[in-house]
Amino acid sequence: MSLHAASPRARLGGLVVGLTCAVAIAPPSARADHAVSYFPSFYPHEIRIETLDPEGAAREFINKNNPLHVYVGTAPRFSGQIPEHLKSAESLKSLITVSVNPQSSRLQNREARCHAIEQAAAALRAPPDVVMHPYPITPYHADYLGHADRLPPGKATRQPTAAPVPTFRAGADTSLLSPQAPVQATDWDVSLDETSVSALLTDAGIGFNDWPAPRWTKEGWFQAYQLLRPALSQASDREQADELFERLAHNEFRDRTEQLNLERELLAALLVSCERAVVGYRLRREFYTDDFSDGIENISVDSQSGLNSAVFVRTVKLKDFLWNGSLRIGIDPRPTAAWNPIAGFTDAAGRLVWSIVGDNAFLPVPYNSRWVQNRAEIRTTDESGIRRSVRVPDDALMPQSMTGKFAPVGPGHGAMAKVLYRMSASNFSDGSVMEPADLLYPFALAFRWSAGGQNAATYDPEIAAATRLMRERLRGVKLVRVEETARTIADQTFTYRSPIIEVYLDNLTFDEQEDALIAPPWSSVPWHVLALMEVAVERGIAAFSRSEAERRHLPWLDLLRDPAQLKALRALIKEFAQTGYRPAALELLVGPEAAKARWQLLDQFVEANDHLLVTNGPYRLKAWSPDTFVFEVVREFTYPVGLGTFNGFADPARALIRAMERAGDLVLVSADAEFAVKQQRDHRLVRAPLQPDTLRGTLQPIRPESHYVIIGQDGRVAAVGGLVRQPDNRFAVSLPTTLQPGVYTLFAAIFLDGNTINPAIGRIELRNGGTIGKAGRTGDARDEERKP
């Protein structure tokens with residue numbers, strides 16, 4: 001089937017308009033050397049997404065004329081040996097659980113349930129991509145160090161007994177069961193299930209599109225709560241788990257030690273009844289070619305979403321045609337989720353598309369649970385890092401429930417935190433220039449569509465879930481000013497505009513980044529496109545989310561692939577271009593004539609492109625068919641993110657602990673660094689002692705972060721802290737003087753450049769300040785096998 005192409009006239013027009021518009025300063029990482037952002041930090045001229053089954057992907061990888069560069073989500077299925085020019089990347093795909101049948105008369109007491117889960121785990125067989133791991137927090141979660149004592153050193157082992165194996169429920173995935181395991185459709189004891197991390201987060205209301213996500217999205221305690229809490233049958237167990245979860249989510253703890261104990265108590269509360277337990281996890285193995293001429297380089301792999309991540313798209317480069325080539329990405333299956341940035345893009349293909357065309361304020365760091373600044377810069381204020389109340393200015397704005405209208409906060413209001421943002425504004429792909437209304441309108445939409453409950457005319461439960469944290473903690477937002485910087489290049493002068501915005505929150509934390517992630521004043525979609533979608537839902541043309549579409553028997557709102565919806569949306573645009581419609585929430589911010597101009601631009605855009613996927617991201621949709629989508633890079637001066645901004649996330653360095661020993665009141669840790677050294681367009685792994693001058697091959701020093709956890713015999717965390725580098729390049733733990741007499745285990749890890757994934761964890765046992773056992777390591781058993 002031929003591709004539907006957007007008009008070249010529209011693309012040229014967007015470029016001409018962009019060169020005369022005001023844009024924004026690049027974020028700090030791009031401005032470190034005062035570089036000017038001529039083009040985005042994306043090298044391929046275009047990205048082609050093609051839906052391919054695993055067999056088709058295998059064939060395309062060996063296509064001599066136009067080989068596939070990467071296959072996202074699963075492994076290709078080769079008929080013979082895997083070609084030598086292919087490499088693979090691993091990431092956490094899913095968690096495997098055993099759940100006890102609540103109706104089973106044989107498993108009504110806790111002891112019987114726990115025994116049944118143990119026997120069920122012993123009856124499983126693990127293919128190469130499955131790791132047996134009897135705990136919800138895995139080495140691919142950033143908080144693994146705090147739970148390292150919950151597993152024995154090395155790989156987890158199972159100890160089968162002579163007791164009968166429980167009966168497994170038929171109909172669930174039984175591919176992991178040994179042939180002798182009994183399976184039955186009725187009167188079964190346990191169910192074996194597999195839950196993908198992406199599905200877990202979607203069910204938890206974590207958006208993959210334009211809504212901000214909590215800082216702890218990728219942490220194990222949060223995911224364990226979402227996975228295990230629904231299985232708790234006793235109200236008291238649910239209440240205890242909910243209380244612990246809310247304390248963690250609302251930062252109700254004094255310090256990191258208490259926080260870690262709360263996390264461990266939450267896991268204990270989720271597991272105590274033995275109604276559901278994690279018994280293992282599956283790794284995602286994705287292939288790409290790094291062939292010298294036809295391959296790709298600068299690969300950034302997210303620990304939990306793999307190559308389907310925004311940072312991968314922003315780092316990957318073609319080896320031969322850095323600026324002019326086409327990056328071919330295969331994916332399976334064909335996209336089924338609707339393409340709308342409010343409650344769509346929820347399947348694998350949709351998430352990839354949004355990573356390409358969208359451009360959120362912050363992006364998840366691939367190898368830990370932090371987020372990196374993208375279109376927002378956090379400015380330090382007098383209140384930064386101080387846990388005290390701050391006054392909310394009288395003229396700060398706050399959206400109202402039900403209507404979303406902005407109103408001044410008024411006198412006498414306070415908040416626990418103030419975050420000052422410098423936003424990197426730019427043009428949208430329909431030619432409209434980002435204004436304060438675009439930055440603020442997502443707040444209004446969230447409040448309007450999250451109040452009133454299921455019977456309200458403007459309500460969507462998925463919007464309510466995705467925006468709950470922001471709505472609970474937002475106390476006001478204020479546009480302070482717009483900073484302008486002029487740059488002259490040849491005979492052209494460009495004015496870069498950066499809105500400065502204050503956001504006030506009720507959030508108790510010392511973590512400035514956590515505050516910044518709650519309610520960033522940002523949108524990758526202009527206000528008029530958001531308003532268009534709202535009216536379409538109000539008039540019954542479609543519904544924002546899949547769940548509401550099913551409940552109301554309506555189509556799922558799509559800005560591209562439903563001709564009937566597109567026709568109705570185009571009629572609305574023409575109506576609004578005549579009337580100058582703007583939402584009630586924006587009547588004080590946008591005048592009728594400005595609104596008319598916006599709708600006229602959008603009318604021209606859809607006329608030329610036949611779709612409404614309007615964003616301010618680095619790529620724009622160029623052509624499409626049911627199985628292929630082509631995106632062209634935005635190569636113009638309006639895009640603010642500088643060249644190479646995210647390159648440092650490719651090939652992260654890794655620390656390997658060599659030894660731990662006791663020396664008086666110190667525990668000394670020796671470590672090596674494993675890092676990539678670039679050789680022309682390839683790289684090789686090198687292992688060397690970890691020293692201040694250890695280099696990665698790019699003449700950038702590797703920054704170590706070191707952490708320790710001390711755990712007592714009662715299972716409580718006694719102390720946490722950081723290690724201090726010594727003159728001999730070892731790292732030292734100074735044992736706390738507050739430790740009570742007793743036996744403790746100290747766990748330590750070093751994270752290079754923040755790389756917390758699959759860590760090598762050192763351990764040493766202590767008694768009253770004296771060593772009682774050998775030092776050792778936990779974590780990936782393959783550490784010793786890795787060769788440079």
Side-chain angles (χ1 to χ4, degrees), residues 26-31 41 91-92 140-143 197-198 201 204-223 248-249 251 300-306 308-315 341 345 351 354-355 358-380 384-385 417 419-424 439 442 466-470 473-474 501 503 505 507 509-524 617-618 640-642 645-650 652 703 705 751 753-757:
S29 53
R31 296 202 310 272
S41 56
S91 55
L92 179 65
Y140 292 84
H141 291 106
D143 49 343
V197 173
S198 60
L201 296 178
I206 303 302
F208 290 96
N209 37 46
D210 216 23
W211 300 114
R215 178 189 57 80
W216 51 79
T217 298
K218 291 170 67 176
E219 294 189 359
W221 66 266
F222 175 78
Q223 295 181 13
L248 287 166
N251 299 293
S300 177
V301 184
D302 190 275
S303 59
Q304 295 182 16
S305 61
N308 192 345
S309 69
V311 176
F312 166 73
V313 177
R314 285 156 174 77
T315 58
F345 293 114
R351 294 194 299 275
W354 184 254
S355 294
D359 215 25
N360 292 349
F362 300 91
L363 302 177
V365 175
Y367 41 71
N368 57 41
S369 60
R370 302 172 189 169
W371 295 67
V372 63
Q373 299 176 15
N374 181 40
R375 301 297 294 269
E377 174 188 349
I378 308 170
R379 287 288 188 88
T380 302
S384 298
V419 184
L420 185 64
Y421 298 89
R422 179 191 179 106
M423 311 308 297
S424 293
L439 299 173
T467 62
R468 177 190 168 195
L469 185 69
M470 179 266 286
R473 305 191 188 180
L474 181 67
I501 297 178
V503 172
L505 305 165
N507 192 54
T509 179
F510 292 112
D511 187 342
E512 190 178 39
Q513 187 188 75
E514 180 178 324
D515 284 336
L517 289 169
I518 291 175
W522 179 252
S523 177
S524 292
V641 182
T645 299
F646 304 101
N647 286 352
F649 291 119
R703 301 177 296 275
E705 298 178 21
F751 305 134
D753 291 347
N755 182 9
T756 65
I757 303 309

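All values below were derived from every heavy atom in this structure, side-chain atoms included, with hydrogens, water molecules and symmetry-related copies excluded.
Checked against ring-ring contact (aromatic ring centres under 6.0 Å, His included), Phe362 has no partners two or more places apart in sequence or in another chain. Looking at residues two or more places apart in sequence or on another chain, you find a side chain to side chain contact (heavy atoms under 4.5 Å, CB included) between Thr467 and Trp211, Ala446, Ser450, Ile463, Met470, Arg471. Contacts of Trp371 classified as side-chain hydrogen bond (donor to acceptor under 3.5 Å, both in side chains), with partners at least two apart in sequence or in another chain: none. With sequence neighbours left out, Arg215 forms a side-chain hydrogen bond (donor to acceptor under 3.5 Å, both in side chains) with Glu219, Glu514. Ser91 pairs by the side-chain hydrogen bond (donor to acceptor under 3.5 Å, both in side chains) definition with Arg284, not counting sequence neighbours. For Gln513, there are no side-chain hydrogen bond (donor to acceptor under 3.5 Å, both in side chains) partners at least two apart in sequence or on another chain. Every side chain to side chain contact (heavy atoms under 4.5 Å, CB included) that Thr756 has, sequence neighbours left out, goes to Ala142, Asn368, Phe751. Applying the side chain to side chain contact (heavy atoms under 4.5 Å, CB included) test to Ser305 and every residue at least two apart in sequence or in another chain returns Asp302, Ser309.
Counting only heavy atoms from C-beta outward, the side chains of Ser524 and Trp354 approach each other to under 4.5 Å. Between Leu517 and Trp216, the closest side-chain pair of non-hydrogen atoms is not below 4.5 Å. Counting only heavy atoms from C-beta outward, the side chains of His141 and Leu92 approach each other to under 4.5 Å. In this structure, Ile206 and Pro214 have side chains that are in contact, with non-hydrogen atoms separated by less than 4.5 Å. When side chains are defined from C-beta on, Pro640 counts as touching Arg375, because their heavy atoms get closer than 4.5 Å. Put simply, the side chain of Ser369 does not reach to within 4.5 Å of the side chain of Asp143, judged on heavy atoms. Taking the side chain as every heavy atom from C-beta outward, Asn374 and Phe646 approach each other to under 4.5 Å.
A donor-acceptor pair is defined here as one N or O able to donate and one able to accept, closer than 3.5 Å; such a pair exists between the side chain of Arg314 and the backbone of Ser355. With hydrogens and angles ignored, the 3.5 Å screen pairs no side-chain donor or acceptor of Asp515 with any backbone N or O of Ala417. Here the side chain of Trp522 pairs a donor or acceptor atom with the backbone of Asp359 at under 3.5 angstrom. Remark: side-chain polar atoms of Tyr421 are paired, donor with acceptor, to backbone N or O of Ala516 under 3.5 angstrom.
Between the CD1 atom of Ile378 and the CG atom of Leu420 there is a distance of 10.5 Å, given to the nearest 0.5 Å. Between atom CD1 of residue Ile757 and atom OH of residue Tyr367 there is a gap of 10.5 Å, rounded to the nearest 0.5 Å. The CG atom of Leu363 sits 10.5 Å away from atom CD of Gln373, with the distance rounded to the nearest 0.5 Å. We find the NZ-CZ distance between Lys218 and Arg370 to be 11.5 Å, quoted to the nearest 0.5 Å.
For the pair Pro521 and Met423, the tightest heavy-atom approach, listed with the atom from each and the gap, is O-CE, 3.5 Å. Taking both residues in full, the closest heavy atoms of Val365 and Val372 are given as CG2-N, 3.9 Å, listed atom of the first, atom of the second, then distance. The two atoms that bring Phe312 and Ser300 nearest to each other are CB-O, 3.3 Å, heavy atoms only. The two residues Thr217 and Gln223 make their nearest non-hydrogen contact at O-NE2, 3.2 Å. When all heavy atoms of Ala249 and Trp221 are compared, the closest pair comes out as N-CH2, 4.4 Å.
Asn507 and Arg473 form a side-chain donor-acceptor contact under 3.5 Å, judged by distance and modelled atom types alone.
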